[in-house]
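Accompanying notes for the structure given below.
Naming convention: chains lettered A, B, ... in sequence-line order (proteins, then strands); numbering from 1 in each chain. The figures that follow rest on heavy atoms only: side chains count, while hydrogens, waters and symmetry mates do not.
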There are 2 protein chains.
Amino acid sequence: MESNELKQEEIDKYSLRGRVFHKIREDILSGKYKDHEELKEVAIGNELGVSRTPVREAFRQLELEGLIQIIPNRGAYVTGIKAKDVKDIYMIRSKLEGLCARWATEHITQEQMEEMEENIYLAEFHASKGHMDQIAELDNRFHNILYESCDSKMLEHLLKDFHQYVWRVRQKTLASARGPVSNHEHRGIMEAIKAHDADQAEKLANQHMINAYDNMVKNGLYDIYKDEEE
Amino acid sequence: MESNELKQEEIDKYSLRGRVFHKIREDILSGKYKDHEELKEVAIGNELGVSRTPVREAFRQLELEGLIQIIPNRGAYVTGIKAKDVKDIYMIRSKLEGLCARWATEHITQEQMEEMEENIYLAEFHASKGHMDQIAELDNRFHNILYESCDSKMLEHLLKDFHQYVWRVRQKTLASARGPVSNHEHRGIMEAIKAHDADQAEKLANQHMINAYDNMVKNGLYDIYKDEEE
DNA sequence: AATGGTATGAATGTATACAATTATACCCAA
DNA sequence: TTGGGTATAATTGTATACATTCATACCATT
């Protein structure tokens with residue numbers, strides 16, 4: 001009787017609705033809008049060719065994501081990513097990627113397993129050739145496969161958000177000598193999952209994040225997020 | 001020169017803006033709106049005495065929180081909390097509350113420590129008297145103190161969201177025999193923090209969540225979220 | 001010159017009007 | 001009766017108009 005209620009979950013997911021939202025989000029994360037910068041509804045609306053209404057709706061979402069702060073009757077201000085936030089995110093991700101790897105070990109499908117293996121082969125190939133752009137892209141994809149394999153919409157959603165959030169930092173990091181090392185760690189996680197060793201998978205995914213963060217600190221690669229004030 | 005830019009962070013945080021948002025959110029979490037129910041902008045607007053505009057903005061936020069799903073040009077549908085989601089949240093919280101307790105051990109202030117101790121004394125008192133409402137309220141407060149003590153806006157925000165999310169389930173659970181046991185576990189966490197034993201604090205907070213979940217399953221207390229279909 | 005108050009402008013908050021899309025009902029034909 | 005197509009109604013998407021709030025500048029007073 002209630003079969004046709006919300007079947008079509010994937011319609012238009014990003015085609016029209018959310019276009020404004022994603023554009024502004026991207027502009028904040030890419031650094032176009034600086035920390036503490038005030039975002040004016042009309043200005044952004046004009047720039048994107050839309051009225052204030054969709055811009056305002058996007059603002060409300062961005063506030064919930066913590067990317068901007070809206071002060072009532074005053075305005076919307078960019079909340080720049082602080083070095084402290086990046087550190088916290090990596091520590092939180094360490095725990096959650098571990099949990100995710102554990103669950104992936106229990107729930108990964110044949111198809112996902114194969115895509116993960118293929119991903120690693122490709123990454124190793126591009127690493128040997130020095131194709132940095134592809135490495136970053138494949139790293140992205142590896143983690144997304146992992147997130148999708150854990151069979152938890154909650155955790156998947158959470159990790160994808162964090163992953164997006166530190167996108168800027170990650171891209172720079174992977175373009176360094178960490179790329180190949182990261183690939184090697186991915187292989188370890190993949191093999192643990194394939195061997196159904198959940199403990200090992202969790203442990204390695206856990207450490208993978210800690211290593212990524214340590215490398216970032218060591219190379220001073222995340223000083224683009226340095227806290228100017230406060 | 002830029003001293004007066006965004007000083008007043010705490011103005012009106014919940015006075016006017018977000019009133020609609022919080023009301024709808026509460027109505028979903030409290031079960032007023034059932035799973036898969038369609039939310040109509042005008043209907044809710046009339047009910048709250050506002051126009052469609054603020055309702056729409058609230059919808060967009062609620063979608064981001066995962067409480068509703070918006071299908072373009074169709075409507076907004078309540079995404080009921082699934083038993084699977086509750087389980088996932090408790091496992092995720094187990095990891096994150098552990099991390100939080102660890103960080104709290106390192107960063108808790110004197111004032112917060114005192115409030116936490118007072119909270120536990122009060123909870124034990126009300127438990128001995130059988131004041132169930134107060135126990136639920138104090139449990140709420142205990143966790144919020146813990147979240148605020150970890151000195152991480154990221155983690156604090158995350159945990160408060162989850163805490164809110166499973167509010168319905170928690171209230172029922174704490175009204176059972178679990179109340180006093182939960183209090184005892186709180187005491188353990190508090191004492192570990194006070195003794196600056198981060199490992200122990202993490203371990204206990206970790207276990208605290210697992211116990212809460214196990215108790216919930218054992219008593220069948222969370223079948224209000226049972227998955228009717230899918 | 002410094003202070004305080006008012007006026008003005010600019011931005012946000014909200015309501016409403018209009019456009020576009022979708023669902024429903026009805027009719028007609030096979 | 002069934003199937004399809006069109007018309008209509010209802011709902012969402014967007015733009016705009018109006019209301020309110022806040023910041024700035026100017027002016028008057030001391």
Nearest-neighbour nucleotide for the R52(A) side chain, dT11(D), dA15(D), dT14(C) considered: dT14(C)
Spacing of N46(B) atom CG relative to dT14(C) atom P, expressed in whole Å: 16 Å
R56(B) vs dG13(C): side-chain N/O to OP1/OP2 distance below 4.0 Å: no
Protein-nucleotide distance (L39(A), atom CG; dT12(C), atom P), rounded to Å: 9 Å
Protein-nucleotide distance (I71(B), atom CD1; dA10(D), atom P), rounded to Å: 21 Å
Whole-Å gap separating P (dT12(D)) and CD (E41(B)): 4 Å
Heavy atoms from other residues, nucleotides or ligands near CG of D133(B) exceed 12 (cutoff 6.0 Å): no
N or O in side chain of T53(A) less than 4.0 angstrom from dT14(D) OP1/OP2: no
Pairwise side-chain contact, I70(A) with Y77(A), heavy-atom cut-off 4.5 Å (strictly under): no
Interatomic distance, R60(B) CZ vs dG13(D) P [rounded to whole Å]: 6 Å
Nucleotide dG13(D), atom P - distance to CD1 of I70(B) in whole Å: 7 Å
R74(B) (side chain) and dG13(D) (base): donor-acceptor pair under 3.5 Å: no
